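Everything numeric here is computed off the predicted structure, so don't read it as measured data.
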Amino acid sequence: MLTLTVIQGPDKGKTFALPLNEPQLIGRSSEALPTTDTTVSRRHAELTPDDGEWYIRDLESQNGTYVNGVRIPERTRLRLGDQIRTGSTLWMFGRREGDDSRDVIRVVRPDQMDTQIERAIPSNDDSVIMAEPEPRTAAVHHLQVIYRLTALTAQTTAREELLAGVMELVFNEFKPERGFILLHDEPAPGQVAAPARPKGPPATPRPVVVKYRTPPKDKKDARIHVSRTILQHAMTGSEGVLSSNAMTDPRFAKGDSVQQFHIRSALCSPIEFGDRKFGAIYVDSSIANYTFTPEQLALLNAIARHTGLALANAEGFAKRLQTERLAAIGETVASLSHSIKNILQGLRGGADVVEMGLKKEDLKIARGGWAILKRNIDRIMGLTMNMLAYSARRTLEYELVKVGALIEDCAQLLHDLCTARGVALIIDADPEMPPVLLDPSLMHQALINLMGNAVEAVEPQTGAVTVRAAYLPAQGQARAMFRIDVIDNGPGIAAERHDSIFQPFQTSKGLRGTGLGLAVTKRIIEEHGGRVRLESSEGRGATFTIIMPADGARADPSATAASRSGNSADPDL
């Protein structure tokens, strides 16, 4: 698979796969490859496949697109190894290592390779800790290897990463010249089976990891010839195999071929767990360089068994995760369907009133129906915007914003609601507060959610909502922050609901609420590197407090909300 790897810039080290026949966009928009480089335009450059080749073109970006140091004025063909610069990010166009592994492993017939299985040990044999002539020293060493393997398998559930780590451990322990891990393509329990293969010989397991102690000089040098007898004995008989193989293929009759392949010592152990056969681990080396022992075969069997257990656990984890996702999707669909149904009923009711007024030519009745329609249109608009904000993360677009003016704009939008309910909305923003860096559209949505909830929570005619904003200058190593408090004199929120109030689909508004507003607000604030806190008790109103960095552009986009909040000027946050 072709890839783009970041070799310089804020995302250094990240690799993005380029799917076949799917154009890819470089930029900061939501549909582009995710990058945190603020010097890249929203739609900077486009990569497109065309008849097996890939091309790149600049999308009239502000800083231009460069290939191998030259700015491209038009659509340009890419070649493996080309370097692409967009803003301060330098990408390398290449191929993922190991993609051609199917062609590297060549399984040969018995008439091509004279194979003698010198020792076979069942993969479930417990005689791992044995060695001559120092069994106690070897036992301790083998336990250390198993301990490192256990730590590795506990750290990751990603299959490729796990197997690469296992192969690295095997190389460090056994010092082979070459090695690989083969896996069957059969589906795990609960997965959809692959289409049936045409009749013929059984499919060869797929190489997932291939490793060499010394990098091969060319494709011919990279080719690994493996006896089918060894693989079948290990993978079908559930036994680890130790063997020395003499090349008898006529193609190896010449002296240079004999020098290249030699007589090799090989170990092969099955990766399995219970009745589930995953594949095998294979390593070999020229006898002149290294000869494996039965004790090493026993240790490799143990490594393969631990690997099988880890793969089984990973499959179980993936299956549980899929089940949880399906359950969450079902809950989400049910909650949204309920909310949309209520809104549609309101729209239908308003439309009926408007229709009645039109039939009677009574403008007063029609106006009453229009008020119902408008209210429900606003509700479905709010639901849609919250759904979009909650379901899709996007790159923050920072601007210098006056917080007081942003709050005033939100208050203007809530004016009609406040008038209809007889609620006082008081804005107390520090007029000397300097502009701060934030995404104005997202922050506007978060404030509308908080202020709208407060206005709807208080009692009509006697309710009051106060919104305060203040700037917190930098002190020592602490960053400059700003604070917004949304305070109401409503009925308050019970203490037992404080932990769940920011969870999606948690609402106390009944048919009028969707349960997404506070969840969206929390996400927006945390994406800015801030925190939101609730202080409330029943009968004493509620206060939602936001504290966010004033220099948002310095926020680390890769940091978690918890780690970003560690610089907060408020110790309680």
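Remark: the Thr543 side chain and the Asp485 side chain contain no N/O donor-acceptor pair separated by less than 3.5 Å. In this model, a donor atom of one side chain and an acceptor atom of the other lie less than 3.5 Å apart for Asp37 and Thr39.
Below 30°, between 30° and 60°, or above 60°: for Tyr398 and His528 the angle between ring planes is above 60°, a perpendicular geometry.
Between Val6 and Phe16, the closest side-chain pair of non-hydrogen atoms falls below 4.5 Å. Between Leu414 and Val423, every side-chain heavy-atom pair lies at or beyond the 4.5 Å cut-off. Inter-residue side-chain proximity for Leu183 and Leu311 is flagged as met; some heavy-atom pair is nearer than 4.5 Å. At least one side-chain heavy atom of Pro10 sits less than 4.5 Å from a side-chain heavy atom of Thr89. Counting heavy atoms from C-beta outward, Val436 and Met443 have side chains that stay 4.5 Å or more apart. At a threshold of 4.5 Å between non-hydrogen side-chain atoms, the residues Leu25 and Leu59 count as touching. No side-chain heavy atom of Val166 sits less than 4.5 Å from a side-chain heavy atom of Glu168. Under the 4.5 Å side-chain criterion, counting only non-hydrogen atoms from C-beta, Leu18 is in contact with Phe93.
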Should Asn63 and Thr86 be marked as a side chain to side chain contact (heavy atoms under 4.5 Å, CB included) after you check the CA-CA gap, both sets of side-chain angles, and the distance that decides it?
CA-CA 7 Å; Asn63 295 321; Thr86 57; over 6 Å; no

For Met451 and Ile407, run side chain to side chain contact (heavy atoms under 4.5 Å, CB included): C-alpha distance rounded to whole Å, both residues' side-chain angles, the deciding distance at 0.1 Å, then the answer.
CA-CA 9 Å; Met451 294 167 63; Ile407 296 174; 4.3 Å; yes

Assess the residue pair Leu447 and Ile546 against the criterion (side chain to side chain contact (heavy atoms under 4.5 Å, CB included)); give the C-alpha distance rounded to whole Å, side-chain angles, the decisive distance to 0.1 Å, and a yes or no.
CA-CA 10 Å; Leu447 288 174; Ile546 299 170; 4.3 Å; yes

Please lay out, stage by stage, how Glu31 and Arg43 fare under the test salt bridge (charged side-chain N to carboxylate O under 4.0 Å, His left out).
CA-CA 9 Å; Glu31 68 268 23; Arg43 296 177 58 85; 3.0 Å; yes

Give the C-alpha distance, both sets of side-chain angles, the deciding distance and a yes or no for side chain to side chain contact (heavy atoms under 4.5 Å, CB included) between Arg85 and Leu90.
CA-CA 4 Å; Arg85 178 172 293 281; Leu90 187 63; 4.0 Å; yes

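Contact between Leu400 and Pro435 at its shortest, heavy atoms only, is CD2-O, 4.1 Å. Pairing each heavy atom of Asp58 with each of Ile72, the nearest pair is N-CD1, 4.2 Å. Closest non-hydrogen pair, Gly529 versus Pro549, comes out as O-CD, 3.6 Å. When all heavy atoms of Pro19 and Gln24 are compared, the closest pair comes out as CD-NE2, 3.6 Å. Taking all atoms of both residues into account, the shortest heavy-atom contact from Ser61 to Arg71 is O-NH2, 4.2 Å. Closest of all the heavy-atom pairs between Ala164 and Val209 is N-CG2, 3.9 Å.
Distance CD1/Ile426 to CZ/Arg468: 9.0 Å, rounded to 0.5 Å. Atom CG of Leu518 and atom CZ of Arg523 lie 14.0 Å apart (nearest 0.5 Å). The CH2 atom of Trp54 lies 7.0 Å from the CG atom of Leu2; values are rounded to the nearest 0.5 Å. A distance of 5.5 Å separates CG of Leu4 from CD1 of Ile84, quoted to the nearest 0.5 Å. Remark: Asn489 CG to Arg540 CZ distance equals 13.0 Å, nearest 0.5 Å. Taking CG of Asn449 as the reference point, atom CZ of Phe544 lies at 11.0 Å (rounded to 0.5 Å).
Judged purely by atom type and a 3.5 angstrom limit, Asp82 has no side-chain atom pairing as donor or acceptor with the backbone of Asn68. Counting only distance, with no hydrogens or angles, the side chain of His415 and the backbone of Cys410 share no donor-acceptor pair below 3.5 Å. In terms of modelled atom types and a separation under 3.5 Å, the side chain of Thr3 and the main chain of Ala17 share no donor-acceptor contact. Put simply, the side chain of Ser41 gets close to the backbone of Gln62: a donor and an acceptor are under 3.5 Å apart. In this structure a side-chain-to-backbone donor-acceptor pair under 3.5 Å is missing from Asp428 to Val467. Checking side-chain atoms of Asp439 against main-chain N and O of Glu397 turns up a donor-acceptor pair under 3.5 Å. Arg479 places no side-chain N or O within donor-acceptor distance of the main-chain N or O of Ala550, the cut-off being under 3.5 Å.
With sequence neighbours excluded, the residues forming a salt bridge (Lys or Arg N to Asp or Glu O under 4.0 Å) with Arg75 are Asp50, listed by chain and number. Residues passing the salt bridge (Lys or Arg N to Asp or Glu O under 4.0 Å) test with Arg367: none are found, sequence neighbours excluded.
In this structure, Arg421 does not pair ionically with Glu456, as no charged nitrogen and carboxylate oxygen lie closer than 4.0 Å.
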